[in-house]
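Taking it in order: structure first as structure tokens, then the write-up.
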Amino acid sequence: GAVVSQHPSWVICKSGTSVKIECRSLDFQATTMFWYRQFPKQSLMLMATSNEGSKATYEQGVEKDKFLINHASLTLSTLTVTSAHPEDSSFYICSARPPGLVLEQYFGPGTRLTVT
Amino acid sequence: GENVEQHPSTLSVQEGDSAVIKCTYSDSASNYFPWYKQELGKRPQLIIDIRSNVGEKKDQRIAVTLNKTAKHFSLHITETQPEDSAVYFCAASSRYNFNKFYFGSGTKLNVKP
């Protein structure tokens, strides 16, 4: 149980375009999902907390107009990187919290974004 | 905010030996401490966690200890196997904001056969 998927697993886009990444909880409903960013050989940094039916809570320093998060259903959250630039190239990982659990987070497989 | 430091950054052990990874935290309000294993290009996987009301937790070859007074917690892997090779991350979250995980910088464990 507690399986989280992401799509796509990798994407290459041109500078100035937008990219959407999907995060799905496959076998549970997640009222809360999280988006992280991970640079090569570095740790995970929380970008935002996504709550179903409400606006996402962004961490300090994360541009909400650049990283659009939509949590439209209990099993799907999307992250859209708008007007992508090469510095946005990174590994983006989502996580979700199954119902009944207060603390644990289960991670998706990640999406590697390369902006050329 | 919370600051989690993790040591060592790399660790090489011989198969069958034990491995210990240590983390310290700064916020006394932190009360949940998970450990994640991440293989190259894969998702972080929760391997064990501990809450602040417990001093030690064990699951087969993996154990975690917590010293609240000193604000440090450690991951212990016994009888290491080559498949234990990965990057391990510790994390901490506060009782006042359990949504936010503060991650350590990671330890790359290499188990030599």
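Quick note: numbers below take in every heavy atom, side chains included, and nothing from hydrogens, waters or symmetry partners. By convention in this document, chain letters (A, B, ...) are assigned in the order of the sequence lines, proteins followed by strands, and residues within each chain are numbered from 1.
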Of the non-hydrogen atoms in L46(B) and Y106(A), which two are nearest, and what is the gap between them? CD2-OH, 4.2 Å
Turns out that what part of R97(A) lies under 4.5 Å from chain B's heavy atoms comes down to side chain
Measuring from T49(A):OG1 to F101(B):CZ, what's the distance to the nearest 0.5 Å? 10.5 Å
Is it the side chain or the backbone of P44(B) that comes within 4.5 Å of chain A heavy atoms, both, or neither? both
With a 4.5 angstrom heavy-atom cut-off, is it the side chain or the backbone of F89(B) that approaches chain A, or both, or neither? side chain
Going through the checks in order, is the ring pair (Phe, Tyr, Trp, His ring centres under 6.0 Å) test met by Y36(A) and F103(B)? CA-CA 11 Å; Y36(A) 290 83; F103(B) 281 87; 5.7 Å; yes
Please flag which part of E59(A) lies under 4.5 Å from any non-hydrogen atom of chain B: side chain, backbone, both or neither. side chain
Would you find more than 12 non-hydrogen atoms of other residues, nucleotides or ligands less than 6.0 Å from H7(A) atom NE2? no
Does atom NZ of K22(B) have more than 12 heavy-atom neighbours from other groups under 6.0 Å away? no
Quick one, Y32(B) with E104(A), criterion side chain to side chain contact (heavy atoms under 4.5 Å, CB included). Give me CA distance, side-chain angles, the key distance, then yes/no. CA-CA 9 Å; Y32(B) 177 64; E104(A) 294 88 336; 3.4 Å; yes
Out of curiosity, does W35(A) fall in the hydrophobic cluster containing V62(A) (side-chain heavy atoms, cut-off under 4.5 Å, transitive links)? yes
If I measure from the heavy atoms of chain B, does L44(A) come under 4.5 Å with its side chain, its backbone, both, or neither? both
Do you reckon I62(B) sits in the same ILVMFWY cluster as Y88(B), going by side-chain contacts under 4.5 Å, direct or chained? yes
Same apolar cluster (I L V M F W Y, side chains within < 4.5 Å links), F34(A)/L79(A): no
Do I12(A) and F91(A) share a hydrophobic cluster (ILVMFWY, side-chain heavy atoms under 4.5 Å, transitive)? no
Under a 4.5 Å heavy-atom cut-off, does chain A meet the side chain of K42(B), its backbone, both or neither? backbone
With a 4.5 Å cut-off on side-chain heavy-atom distances among I, L, V, M, F, W and Y, is there a chain of contacts connecting L103(A) to V4(B)? no
Assess whether atom CD of E15(B) is packed by more than 12 heavy atoms of other residues, nucleotides or ligands within 6.0 Å. yes
Heavy-atom distance under 4.5 Å to chain A: side chain of Q45(B), backbone, both or neither? neither
Below 4.5 Å from any heavy atom of chain B, which atoms of I93(A) appear? Answer side chain, backbone, both or neither. side chain
Is it true that atom CD of E87(A) has more than 12 heavy atoms of other residues, nucleotides or ligands lying nearer than 6.0 Å? yes
Report yes if some heavy atom in the side chain of Q38(A) is under 4.5 Å from a heavy atom in the side chain of Q38(B); otherwise report no. yes
Of the backbone (N, CA, C, O) and the side chain (C-beta and beyond), which part of Y36(B) lies under 4.5 Å from a heavy atom of chain A, both, or neither? side chain
Counting only heavy atoms not in K58(B) (residues, nucleotides, ligands), do more than 12 fall under 6.0 Å from its NZ? no
Distance check, rounded to the nearest 0.5 Å: M45(A) atom CE versus Y102(B) atom OH? 9.5 Å
Chain B contact via Q105(A) - which portion, at a heavy-atom distance below 4.5 Å: both
Backbone N/O of G106(B) and side chain of S43(A): donor-acceptor pair under 3.5 Å: no
Considering only heavy atoms, which portion of N99(B) lies under 4.5 Å from any heavy atom of chain A: side chain, backbone, both, or neither? both
